[in-house]
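Everything numeric here is computed off the predicted structure, so don't read it as measured data.
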Amino acid sequence: MKRRTRKAVILVVCTMVLAALPVAGSLYYTHEQALDASQKHLDDVAARAALRVRTVLLTVEAALADSVFPARDGCNEALIRRFRDRTFSVPTVQGLGYVTDDGRLACTSYGIVDPPRPVRLEPTIRPDGSIVRFLPPAETAFAPGPTIIALHRLRDGNWLGAAFAPESLTNGFDPASLGEHGYIRVVLAGVPVATIGVPHPSAPDFLDARADVGVYQAEVLVGTGRAWALAPWRRNALVTAGVGAAAGLALAFGAAHLGRKRLSLSAELSEGLENREFEVWYQPIIDLQQDRCRGAEALIRWRHPERDLVPPDLFITLAEESGVIIPMTRWLMREVGRQMGPLLATDPSLHIGVNLAPAHVANLDIVEDARRIANEFGIRPHQILFELTERGLIDKPECREVIEALSRLGSELAIDDFGTGYSSLAYIEKFKLDYLKIDKVFVAAIGHDVPLAKLTQVVIDMAKSLGLKTIAEGVETEAQARYLRDQGVDYAQGYVFSRPLVADDFRVFVRSDRDFGLAGAVAQQHLADGAAPEVA
Ligand code: C2E
Ligand code: CA
Ligand code: CA
């Protein structure tokens, strides 16, 4: 895949991801919220159902307790009357009966059972230690229909029983309110005795809740399927996704706009290179001690078809990021060779500075490029001065290899913008450079009573102690130029001498062999105490 196409694909994918993120985020958030709300609802239903179950069980227990006294003499009229009375007055209780200790129902609220009918005392629901135990719902002789029997053990070993409908435990609750698979189940000591609704047939219940009734080891289980829990979320998902999408689109649009701008600009850079839209300008470098032009720094310019001349600050970073800087510099060196080759050949003391981006120091291509161009245009390698910023000087084997190879070739190396990064001179010393370019911020400080001005002097002194030749950048006044010359700075470039020039103008500039009024008058009176001159 071509680099541009790949970048475009990456951009589109990133944009889509960016647009999808808020949608996914809001859907996820509301999804979790829906589950939370459903869980709370289930907990609430379970708690309310448990209260209902407790009321029913305690009511049944009370009806049994009320019959204990008349039951002390076994089945008789008084007991049957009490049974009738309690069955009538306690709606939950559907029938009461007397069960002998050998498990036969002897009388109920309907009267004497003759002959007594066997009542299964087993399987009973395991007693919780109280005198009451339960039989799971079944047809019994106590009352019509399947009922649960609560049995109260009398002191003499016989039993009182009360029948109640399993539905009484769940009355007032509607499983439909919990959706298709919603259900409520009452469990007595581990045995399910009442269930309403349809528990999910296959999948485990997605959401459930449990509440302890507090008596007779009874508990209530409530459950429902995922569909119900997420129904409100599904209903609102479209709106949620819409809001998320709107946010996402806004985000993606911004990012895509930025990205496209960069993408198109980097594509434009490559095209511009193919269409020969770039130019090399030359800013003269002056030998301060000899008062003569000793070369130039090659500075790239982009003659954009629709814009004015674009300065490098606006595209060098992008060229570095996109890798275009490599072919761009190769082109620049060839252009320098083509334009300045003859001039450099006639004057071996002239040199041209070429800026190298950090990317160049990572592979040896630049060395091969330099060798080929020097050969092709008859330039001596030492006439090319490579300018590297501190960013490019990485203490890595590749970097050292490239720098050493350039030195072996005979090219000279300068550290550019010195003082604007964080490298110490000692660090820089490791790389065996030839020149140190003093950044324009230091030059601008000359003549001003600012701490930076003192640092300027320190930088000059240290460069000298390391045996590096110095080039001051951004020299804008004669006073600065004189001060630098007096401090022993070797070279300078700046508007006071010349702005960057197109090739023809630079050649004229060199040939005019003009001087810049720097000869003589070293260490003027007002500099004698080390103070910097006033900047004009
Ligand atoms: P730099 O290497 O520090 O280049 C010096 C910059 O200072 C140039 O800006 C130059 O026009 C400007 N300058 C020269 N004299 C003065 C002065 O007296 N006062 C002030 N205020 N400025 C002065 P330019 O040409 O816009 O270049 C900007 C930067 O772009 C350069 O800074 C360099 O880092 C980069 N650059 C330029 N051409 C190339 C290139 O071919 N390759 C690479 N990798 N970078 C380049
Ligand atoms: Ca430079
Ligand atoms: Ca510089």
Side-chain angles (χ1 to χ4, degrees), residues 52-171 185-196 213-220:
R52 162 85 200 168
V53 172
R54 185 184 167 87
T55 310
V56 168
L57 295 181
L58 293 180
T59 308
V60 171
E61 188 195 337
L64 286 167
D66 277 350
S67 307
V68 167
F69 184 70
R72 66 188 188 282
D73 299 326
C75 273
N76 55 39
E77 264 310 301
L79 182 63
I80 292 168
R81 255 205 318 279
R82 179 59 59 90
F83 281 167
R84 278 192 195 132
D85 175 60
R86 283 294 165 258
T87 306
F88 181 73
S89 62
V90 183
T92 314
V93 174
Q94 294 186 307
L96 287 155
Y98 184 91
V99 180
T100 54
D101 58 358
D102 60 352
R104 285 164 193 281
L105 183 60
C107 60
T108 70
S109 35
Y110 299 106
I112 298 289
V113 180
D114 192 23
R117 254 192 251 164
V119 170
R120 2 151 246 137
L121 286 179
E122 296 299 338
T124 50
I125 292 169
R126 201 162 37 79
D128 66 345
S130 70
I131 47 174
V132 177
R133 57 168 63 185
F134 295 89
L135 299 178
E139 291 285 351
T140 63
F142 279 76
T147 52
I148 302 169
I149 306 292
L151 290 163
H152 178 115
R153 193 174 161 79
L154 298 166
R155 281 218 190 108
D156 56 13
N158 298 310
W159 302 84
L160 284 178
F164 59 98
E167 304 84 68
S168 62
L169 294 169
T170 52
N171 261 354
R185 173 174 288 168
V186 180
V187 176
L188 280 176
V191 179
V193 292
T195 301
I196 50 168
V213 173
V215 290
Y216 305 125
Q217 297 175 355
E219 57 182 354
V220 172

**Asked** Hey, does Leu105 have a side-chain heavy atom less than 4.5 Å from the side chain of Phe142?
**Response** yes
**Prompt:** Side-chain contact, heavy-atom cut-off 4.5 Å: Pro137 with Val193?
**Reply:** yes
**Request:** Report the residues that fulfil side-chain contact (heavy atoms from CB on, under 4.5 Å) with Ala62, sequence neighbours left out, ordered by chain and then residue number.
**Result:** none
**Request:** Identify the residue among Val113, Leu135, Ile149 that makes a side-chain contact (heavy atoms from CB on, under 4.5 Å) with Val119.
**Result:** Leu135
**Item:** disulfide (SG to SG under 2.5 Å) partners of residues 60-109, not counting sequence neighbours, each pair once
**Value:** Cys75-Cys107
**Complete:** With sequence neighbours left out, the residues meeting side chain to side chain donor-acceptor pair (under 3.5 Å) with Glu219 are Arg210
**Complete:** Residue pairs meeting salt bridge (Lys or Arg N to Asp or Glu O under 4.0 Å), one or both in residues 147-160, sequence neighbours left out, come to none
**Prompt:** Under the salt bridge (charged side-chain N to carboxylate O under 4.0 Å, His left out) test, which residues partner Glu61, sequence neighbours left out?
**Reply:** none
**Asked** Quick one: does Tyr98's side chain get under 4.5 Å of Trp159's, heavy atoms only?
**Response** no
**Asked** Any side-chain heavy atom of Val132 within less than 4.5 Å of one from Tyr216?
**Response** yes
**Prompt:** Does the pair Leu96 and Leu160 meet the rule for a side-chain contact (heavy atoms from CB on, under 4.5 Å), with working shown?
**Reply:** CA-CA 7 Å; Leu96 287 155; Leu160 284 178; over 6 Å; no
**Side chain to side chain, Val186 and Thr170, heavy atoms closer than 4.5 Å** = yes
**Residues which pass side-chain contact (heavy atoms from CB on, under 4.5 Å) with Asp101, listed by chain and number, not counting sequence neighbours** = Asn158
**Prompt:** How would you list all residue pairs meeting salt bridge (Lys or Arg N to Asp or Glu O under 4.0 Å) that involve residues 90-99, not counting sequence neighbours?
**Reply:** none
**Prompt:** For Asp102, which residues count as a salt bridge (charged side-chain N to carboxylate O under 4.0 Å, His left out) partner, sequence neighbours excluded?
**Reply:** Arg104
**Asked** Given side chains that start at C-beta, do those of Asn171 and Arg52 come closer than 4.5 Å, heavy atoms only?
**Response** yes
**Fill in**
Hits for side-chain contact (heavy atoms from CB on, under 4.5 Å) against Tyr110, two or more places apart or cross-chain, chain-then-number order -> Thr108, Pro144
**Message:** Please enumerate all residues that pass side-chain contact (heavy atoms from CB on, under 4.5 Å) together with Thr92, with sequence neighbours excluded.
**Reply:** Val56, Thr59, Val60, Val90, Phe164, Ser168
**Asked** Heavy-atom distance under 4.5 Å between the side chains of Val220 and Val213, does that happen here?
**Response** yes
**Message:** I'd like to know if the side chain of Ser67 and the backbone of Ala63 have a donor-acceptor N/O pair within less than 3.5 Å.
**Reply:** yes
**Asked** Do you know the tightest heavy-atom contact between Ala218 and Leu188?
**Response** CB-CD2, 3.5 Å
**Asked** What's the shortest heavy-atom distance between Ala106 and Thr100, and which atoms?
**Response** CB-CG2, 4.3 Å
**Fill in**
Nearest heavy-atom contact between Ala143 and Gly95 is CB-N, 4.4 Å
Solution key, residues 78-89 side-chain donor-acceptor pairs under 3.5 Å, sequence neighbours excluded:
from: Arg82; atom 1: NH1; to: Asp66; atom 2: O; distance (Å): 2.6
from: Arg84; atom 1: NE; to: Ser109; atom 2: O; distance (Å): 2.8
from: Arg86; atom 1: NE; to: Asp66; atom 2: OD2; distance (Å): 2.7
from: Arg86; atom 1: NH1; to: Ser89; atom 2: OG; distance (Å): 3.4
from: Arg86; atom 1: NH2; to: Asp66; atom 2: OD2; distance (Å): 3.3
from: Thr87; atom 1: OG1; to: Phe83; atom 2: O; distance (Å): 2.6
from: Ser89; atom 1: OG; to: Asp85; atom 2: O; distance (Å): 3.0

